[in-house]
Amino acid sequence: MNQGKELKDLNLLDRFLFNETMEDKEFLEKVLGIILEKDIELEYTPQTEKEIRRSVWNRQIKLDVWAMDTEGNIHNTEAQKQNTGNLPKRSRNYQGMIDSRLLPPGEVDFGKMNDVFIILIMPFDLFGKGLYRYTFRMKCEEAADVALMDGATRIFLNTRGTNPEGVSRELIEMLRYFEKTTDERAQASGSETIRWMHERIRSIKSSEEVGIKFMNAWEEKILDRQEARAEGLEEGRTKGQMEEREQGIRKMIELCQELAMTQEATASKVAAKYQLEQKDINIYMEQYWND
């Protein structure tokens with residue numbers, strides 16, 4: 001079976017390794033600390049593939065890595081390898097879905113809402129300015145020095161930045177390491193934190209338990225694709241049957257019209273020919289029969 005990359009060849013931007021690694025509370029604390037340039041202490045173990053929806057009939061989303069720090073701030077960290085063309089609005093959707101779950105029903109004090117950080121890490125420059133980090137917070141267009149202060153922050157990180165302005169050398173090295181998670185990249189880094197991260201990743205990649213989990217995840221993906229393909233084929237088959245039936249009904253109507261003019265047709269003959277229910281035939285016969 002061709003399963004693409006092996007576990008040992010995965011980079012941190014690959015979803016499986018990203019989620020597996022970020023489940024480590026200390027690892028995510030260090031990643032967030034480098035991104036936000038301050039010490040981060042998480043309150044709980046991070047949750048990967050966290051499902052959120054407003055109600056049972058609304059569209060659900062899955063957050064790659066969700067975590068809350070000891071100050072009550074919510075952090076959602078995502079790895080996005082493909083530029084789907086909708087990442088800004090996707091981040092808006094993430095923001096809205098997270099916000100909708102922050103207050104209990106009936107709570108009217110919106111000041112109790114947690115601050116939220118949406119962080120997307122990408123191997124491409126979404127905004128074309130060569131920056132490694134693009135940080136967005138709401139500001140007034142008429143007065144640039146007036147900030148909305150609504151507690152919402154969205155950060156887009158570009159592993160292929162060219163302009164180091166405004167970011168630390170450690171962040172640049174970490175982003176490059178995310179894209180190429182190799183011994184060489186870790187050894188070339190001047191960051192002890194990144195070298196510490198690499199030791200953790202080496203341990204994950206050599207774990208037999210994680211290896212089995214990776215194989216199972218791949219097999220599940222294959223099965224999901226097979227099921228989707230089968231559903232598509234069945235849908236196409238059903239659509240074809242419906243079209244064939246419609247064509248048959250049209251032919252039957254034409255036949256009814258033709259035979260009705262000679263007054264030689266009966267409903268039973270048409271029903272037998274087209275294998276339709278008698279009540280349906282009666283409707284068409286009443287419509288097209290000429291007395």
Side-chain angles (χ1 to χ4, degrees), residues 5 9-38 40 42 46-50 61-69 73-95 97-98 116-137 152-182 185-186 188-189 191 193-198 200-201 204-205:
K5 287 184 178 179
D9 298 322
L10 294 184
N11 298 307
L12 268 171
L13 287 181
D14 291 307
R15 187 174 300 276
F16 178 86
L17 184 61
F18 183 85
N19 288 351
E20 191 69 26
T21 304
M22 298 302 170
E23 287 181 345
D24 184 326
K25 183 169 174 279
E26 187 177 3
F27 195 103
L28 182 56
E29 286 174 342
K30 292 185 181 298
V31 169
L32 292 175
I34 292 175
I35 295 171
L36 301 175
E37 299 181 341
K38 65 177 184 177
I40 299 291
L42 298 180
Q47 299 180 44
T48 58
E49 296 291 328
K50 180 180 176 66
I61 62 171
K62 283 188 177 182
L63 306 178
D64 276 9
V65 182
W66 182 98
M68 178 187 290
D69 65 28
N73 301 316
I74 305 297
H75 304 270
N76 176 54
T77 311
E78 308 270 333
Q80 298 287 346
K81 292 184 69 175
Q82 302 295 326
N83 186 357
T84 58
N86 63 2
L87 293 180
K89 288 193 174 181
R90 182 185 296 186
S91 70
R92 172 182 162 189
N93 186 43
Y94 289 162
Q95 183 76 57
M97 294 294 281
I98 292 172
V116 177
F117 294 83
I118 305 293
I119 301 171
L120 283 75
I121 307 173
M122 307 161 293
F124 51 87
D125 190 343
L126 188 60
F127 304 101
K129 299 296 183 180
L131 300 179
Y132 286 92
R133 181 176 60 203
Y134 297 88
T135 303
F136 293 86
R137 297 186 179 94
T153 302
R154 283 183 270 178
I155 300 173
F156 298 82
L157 296 170
N158 168 26
T159 66
R160 300 180 184 178
T162 57
N163 183 353
E165 182 179 354
V167 296
S168 67
R169 182 66 192 174
E170 191 171 36
L171 175 59
I172 294 173
E173 291 183 354
M174 186 181 75
L175 291 176
R176 291 175 177 172
Y177 177 70
F178 265 65
E179 185 173 2
K180 293 185 178 179
T181 311
T182 63
R185 186 56 61 87
S189 171
S191 167
T193 301
I194 292 175
R195 289 195 290 269
W196 176 90
M197 290 179 181
H198 190 61
R200 290 294 182 98
I201 289 173
I204 288 172
K205 288 184 174 182

**Q.** Check: Leu12 main-chain N/O paired with Thr181 side-chain donor or acceptor under 3.5 Å
**A.** yes
(Q) Can you see whether Glu173 engages Ser189 through a side-chain donor-acceptor pair at a distance of less than 3.5 angstrom? (A) yes
Q | Atom pair CE (Met174) and OH (Tyr132), whose distance is rounded to the nearest 0.5 Å | A | 13.0 Å
Q: Quick one: which residue pairs count as a salt bridge (Lys or Arg N to Asp or Glu O under 4.0 Å) with a foot in residues 78-94, not counting sequence neighbours?
A: Asp14-Lys81
Q: Please list, chain by chain and in numerical order, all residues satisfying salt bridge (charged side-chain N to carboxylate O under 4.0 Å, His left out) with Arg160, sequence neighbours excluded.
A: Glu179
(Q) For Arg133, give me all partners under side chain to side chain donor-acceptor pair (under 3.5 Å), at least two apart in sequence or on another chain. (A) none
Q.
To check you understand the geometry: which heavy-atom pair defines the closest contact between Thr159 and Pro123, and what is its length?
A. OG1-CA, 3.1 Å
Q: Find out whether Asn19 and Glu23 are in side-chain contact, i.e. whether some heavy atom of one side chain is under 4.5 Å from a heavy atom of the other.
A: no
Q) Mind checking what makes side chain to side chain donor-acceptor pair (under 3.5 Å) contact with Arg200, not counting sequence neighbours? A) Asp24, Glu26
Q | Shortest non-hydrogen contact from Ile204 toward Glu20 | A | CG2-CG, 4.0 Å
Q: Using modelled atom types only, decide if a donor and an acceptor are shared between the side chain of Lys205 and the backbone of Leu10 within a distance under 3.5 Å.
A: yes
Q: Not counting sequence neighbours, which residues clear side chain to side chain donor-acceptor pair (under 3.5 Å) with Glu37? List them please.
A: none
Q: Just jot down the ring pair (Phe, Tyr, Trp, His ring centres under 6.0 Å) partners of Phe117, sequence neighbours excluded, or say none.
A: His75
(Q) Just so I know, are the side chains of Thr21 and Val31 near enough to count as touching, which here means a heavy-atom distance under 4.5 Å? (A) no
Q | Which atom of Ile194 lies closest to which atom of Ser191, heavy atoms considered | A | N-OG, 3.1 Å
Q: Would you please name every residue forming a ring pair (Phe, Tyr, Trp, His ring centres under 6.0 Å) with Tyr134, sequence neighbours left out?
A: Phe127
Q | With Lys180 via salt bridge (charged side-chain N to carboxylate O under 4.0 Å, His left out) - residues at least two apart | A | none
**Q.** Sequence-distant partners of Thr153, side chain to side chain donor-acceptor pair (under 3.5 Å), two or more places apart
**A.** Arg137
Q. When Ile155 is tested against each of Ile118, Thr77, Leu36 for side chain to side chain contact (heavy atoms under 4.5 Å, CB included), which residue passes?
A. Leu36
Q. Between Lys25 and Leu42, which heavy-atom pair has the shortest distance, and what is it?
A. CE-O, 2.9 Å
Q) CG/Leu87 to CD/Gln82 distance, rounded to the nearest 0.5 angstrom? A) 10.0 Å
Q. Is Asp64 reaching over with its side chain to a backbone N or O of Ala79, donor-acceptor style, under 3.5 angstrom?
A. yes
(Q) Return the OG1 to CE distance between Thr84 and Met122, rounded to the nearest 0.5 Å. (A) 10.0 Å
Q | Considering all heavy atoms, the nearest Asn11-Lys5 contact | A | ND2-NZ, 3.5 Å
Q) Closest heavy-atom contact between Phe156 and Ser91? A) CZ-OG, 3.6 Å
(Q) Taking Arg185's backbone N and O only, do any of them form a donor-acceptor pair with Arg176's side chain (distance below 3.5 Å, no angle check)? (A) no
Q: Using a 4.5 Å cut-off on heavy atoms from C-beta on, say whether the side chain of Leu126 contacts that of Gln80.
A: no
Q: Please name all residues satisfying ring pair (Phe, Tyr, Trp, His ring centres under 6.0 Å) with Tyr177, sequence neighbours left out, ordered by chain then number.
A: His198
Q: Report the distance from atom CZ of Phe124 to atom CG of Asn158, rounding to the nearest 0.5 Å.
A: 8.5 Å
Q. Would Phe27 and Ile201 count as a side-chain contact (heavy atoms from CB on, under 4.5 Å) if you check the C-alpha gap in whole Å, the side-chain angles of each, and the deciding distance to 0.1 Å?
A. CA-CA 10 Å; Phe27 195 103; Ile201 289 173; 4.0 Å; yes
Q.
For Asp125, give me all partners under salt bridge (charged side-chain N to carboxylate O under 4.0 Å, His left out), at least two apart in sequence or on another chain.
A. none
Q.
Has Glu165 got a side-chain atom pairing as donor or acceptor with Leu131's backbone, closer than 3.5 angstrom?
A. no
Q. How long is the gap from OG1 on Thr182 to CG on Asp9, to the nearest 0.5 Å?
A. 11.0 Å
Q: Working to the nearest 0.5 Å, report the span between CD1 of Ile119 and OH of Tyr94.
A: 13.5 Å
Q: Answer whether the closest heavy-atom distance between the side chains of Phe18 and Ile121 falls below 4.5 Å.
A: yes
Q. What residues form a salt bridge (charged side-chain N to carboxylate O under 4.0 Å, His left out) with Lys129, not counting sequence neighbours?
A. none
